[in-house]
Protein chains: 2
Amino acid sequence: MVTVRDVARESGVSISTVSRALAEPERVAPETRDRVVAVANRLGYRPNRAASGLRAGRTGALGLVVPDLENPYFASVTKGVQARARQTGHAVFVVDAGEDPALETELVTGLRSQTDGLVLCSPRAAEADLEAARDAPVVLVNLRHDGVPSVSSDDAHGVVLAVEHLRALGHRRVAYVGGPDRSWSDARRRAGLDAARERYPDVETVTVGSFRPRVEGGRAAADLVVASGATAVLAYNDLVALGLVARLRERGVDVPRDLSVVGFDDTFVATLATPPLTTVRTDLARLGARAVDRLVAVLGTRRPSGSDGDPAAAPTASPDDVLPVELVVRDSTTLAPTSELSVPPR
Amino acid sequence: MVTVRDVARESGVSISTVSRALAEPERVAPETRDRVVAVANRLGYRPNRAASGLRAGRTGALGLVVPDLENPYFASVTKGVQARARQTGHAVFVVDAGEDPALETELVTGLRSQTDGLVLCSPRAAEADLEAARDAPVVLVNLRHDGVPSVSSDDAHGVVLAVEHLRALGHRRVAYVGGPDRSWSDARRRAGLDAARERYPDVETVTVGSFRPRVEGGRAAADLVVASGATAVLAYNDLVALGLVARLRERGVDVPRDLSVVGFDDTFVATLATPPLTTVRTDLARLGARAVDRLVAVLGTRRPSGSDGDPAAAPTASPDDVLPVELVVRDSTTLAPTSELSVPPR
DNA sequence: GTGAAAGCGCTAACAA
DNA sequence: TTGTTAGCGCTTTCAC
């Protein structure tokens, strides 16, 4: 390994000059600097992050915890997180908690000691995680909690948009297929349902179960939805919607003719379905990017190590931490079967 | 931040005793150890990885570079990598190169200085990457190169299996939709095509383009495939297959009646398609896990920092570094339209 | 403008 | 069994 000492010896200066030439070029005589830089390049010198981090009291690394990387939702968020982190000069440890709260907490504990801060995406063990993270800088995605900075999308509004859309198509009985029990996202969607019902009292809603946020979950829910008598169904996410569609087809229930289906998130799978899914869209990469921005902001206010900083100086939640959503209408939703609207007026 | 000194002071021992009590409990008097451990817990002491890493000459971190996290293939490999790495006591920096060779190389350079070793998955800039990684321990996934350890799946054999399957269904003209130009995986598939043609001279093959390994790529290829007169098509991967199916449907070409489609990888999207895809399956998590095993093995032979170790001692490629594949037959393949087999004998 | 030297937190000789 | 000490590679005062 090439160190500052090697570069120093080779270019006939002291190690401090080498360090300066690389970090603060303007504080070094041009010719000295050029010589040092040339030698450094020739030797292939790369500063040791562990060493400089040790000195500076930070690691330059962030941690990201997600429930399941194979879920396209989290894949997209992860992509956004690492892209933005790169821009801010951080590397990202990514860990997949496998939807397991206990493992998640353990991972958070482990990451804490080797990162400057954590992004916890849709944590399944929020309380325990935050306890494990103690005073480590943390940003939550898809979860709000006391004074912990968080970023989320306006899922409740998304549900309202979806119900609005379905109602306009003549649907008066809408089913919701719920996601993970302890999931904040699920709670937000249910809150959206409540809001929609309040605004549109002529729309009945029925919710079924809590299902795994994957294709299997949708398959499992399909029969319940049919039995519910709903003419339209809003799924926890796109994967669940796909499972619904698949199982419904097997049962001979046509989507959207017999039943309209709305997904959530607009992950890339939404367009893969037959028919392509009407879904509630969020910019997931942006969600991840914003989480990093928030985290870096927190890091900036904390003096590296030691002094816990003035708590009062903690940045207040920016008004921007709820990202907008939009309804993307594709082919999985259409007029309600028995609606008088089925035959266009005139 | 709580350090060894704090724990030492609080428990009335020296810092080395603290270090020992935590790392080599058997070398410390039971009562001393218990006291130290108790204090450490009470104070919430967590060893600073940067410091111990600096001392030990390693970081405890691995780096993983993938072309696109949103591609379910890489999501699965990533999941496998980080899971296995956790078991070996490593954390994983994950970076998405966005299918950009230049960025990829830059990322490799950056990761090198903060990791003990790298896993390069389907590198788009192999030569440049390896140069950038210089003497850093590297394991390649889906790419072979000189003496660099690598892990891959037996894609060529997968193609043979697919062709065999199609031939048995009466197909005599099979199209292949190629992936990224500089992709080794694509080359392996083409090699499989050659092998299949040699073994089954009665099967004609026609290859079209090189397309992006995503849904759009498949859409773009669909019309060429139809024009080629093939009765079956083998896609670079499942996403491309899905794009093909989608575009074919739009054109009124029925899959599998008019055209049989075979995917590759058996990512979860294969079962989402309508019809579910016949595809060549690999255990992707295992692929990632094996890559980590290989890397850790290399790490074990290298003495931390300094001494470059005896090159002759480098572990030779284990015979296991090509993972088996299997053909998963679903509903996207059926008898060739004009085949005499269309009507079963007798 | 440059160098000497003091550590960051930890572990591993080496002493006692 | 426990303590003292010397660094790992780097940055950063503080002198010169």
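Naming convention: chains lettered A, B, ... in sequence-line order (proteins, then strands); numbering from 1 in each chain. Because only heavy atoms are used, hydrogens play no part in the values below, and waters and symmetry mates are left out as well, while side chains stay in.
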Task: Integer-rounded Å distance: C/dG9 C1' and B/Arg9 CZ - done: 14 Å

Open item on the list: From CE of A/Met1 over to C1' of D/dC8, roughly how many Å is that when rounded to an integer?
Closed with: 10 Å

Open item on the list: Taking side-chain hydrogen bond (donor to acceptor under 3.5 Å, both in side chains) as the definition, give me every residue that meets it alongside B/Ser76, ordered by chain and number, with sequence neighbours left out.
Closed with: A/Glu70

Task: Whole-Å distance separating the CG atom of B/Leu22 from the P atom of C/dC10 - done: 10 Å

Open item on the list: Is any side-chain heavy atom of B/Phe93 closer than 4.5 Å to one of B/Leu62?
Closed with: no

Any N/O pairs under 3.5 Å between the protein and nucleotides 3-7 of chain D? List them or say none.
unit_1 : atom_1 : unit_2  : atom_2 : d
D/dG3  : OP2    : B/Ser14 : N      : 2.9
D/dG3  : OP2    : B/Ser14 : OG     : 3.1
D/dG3  : OP2    : B/Thr17 : OG1    : 2.6
D/dG3  : N7     : B/Arg20 : NH2    : 3.2
D/dG3  : O6     : B/Arg20 : NH2    : 2.5
D/dT4  : O4     : B/Ser16 : OG     : 2.9
D/dG7  : N2     : B/Arg55 : NE     : 2.8

Open item on the list: Looking only at the side chain of A/Thr3 (C-beta and beyond, no hydrogens), which of the listed nucleotides D/dT2, C/dC10, D/dC10 gets closest?
Closed with: D/dC10

TODO: In plain terms, say whether B/Arg124 and B/Asp129 are close enough for a salt bridge, that is, a side-chain N and a carboxylate O under 4.0 Å apart.
DONE: no

- [ ] In whole angstrom, give the distance that lies between atom CD of B/Glu26 and atom C1' of D/dT2.
- [x] 15 Å

Open item on the list: Counting neighbours of CZ on B/Arg42 that are heavy atoms of other residues, nucleotides or ligands and sit closer than 6.0 Å, is the number greater than 12?
Closed with: yes

TODO: Decide if atom CD of A/Glu26 counts as having more than 12 heavy atoms of other residues, nucleotides or ligands within a radius under 6.0 Å.
DONE: yes

Task: Rounded distance (Å) that lies between atom C1' of C/dC8 and atom CZ of B/Arg49 - done: 18 Å

Open item on the list: If you assign each of B/Leu54 and B/Arg33 to its closest nucleotide in DNA chain D, which residue comes earlier from the 5' end?
Closed with: B/Arg33

Open item on the list: It should be established whether B/Ser19 places a side-chain nitrogen or oxygen under 4.0 Å from OP1 or OP2 of nucleotide C/dT11.
Closed with: yes

- [ ] Write down the distance between CG (A/Asp6) and C1' (D/dC8), rounded to a whole number of angstrom.
- [x] 14 Å

TODO: Just jot down the side-chain hydrogen bond (donor to acceptor under 3.5 Å, both in side chains) partners of A/Asp116, sequence neighbours excluded, or say none.
DONE: A/Thr59

TODO: Among the candidates C/dT2, D/dT2, D/dG9, find the nucleotide nearest to the side-chain atoms of A/Asn48.
DONE: D/dG9

TODO: Identify whether the distance between the nearest side-chain nitrogen and carboxylate oxygen of A/Asp321 and A/Arg290 falls below 4.0 Å.
DONE: no

Open item on the list: What's the closest nucleotide to the side chain of B/Thr32 if the choices are D/dT1, C/dG9, C/dT2?
Closed with: D/dT1

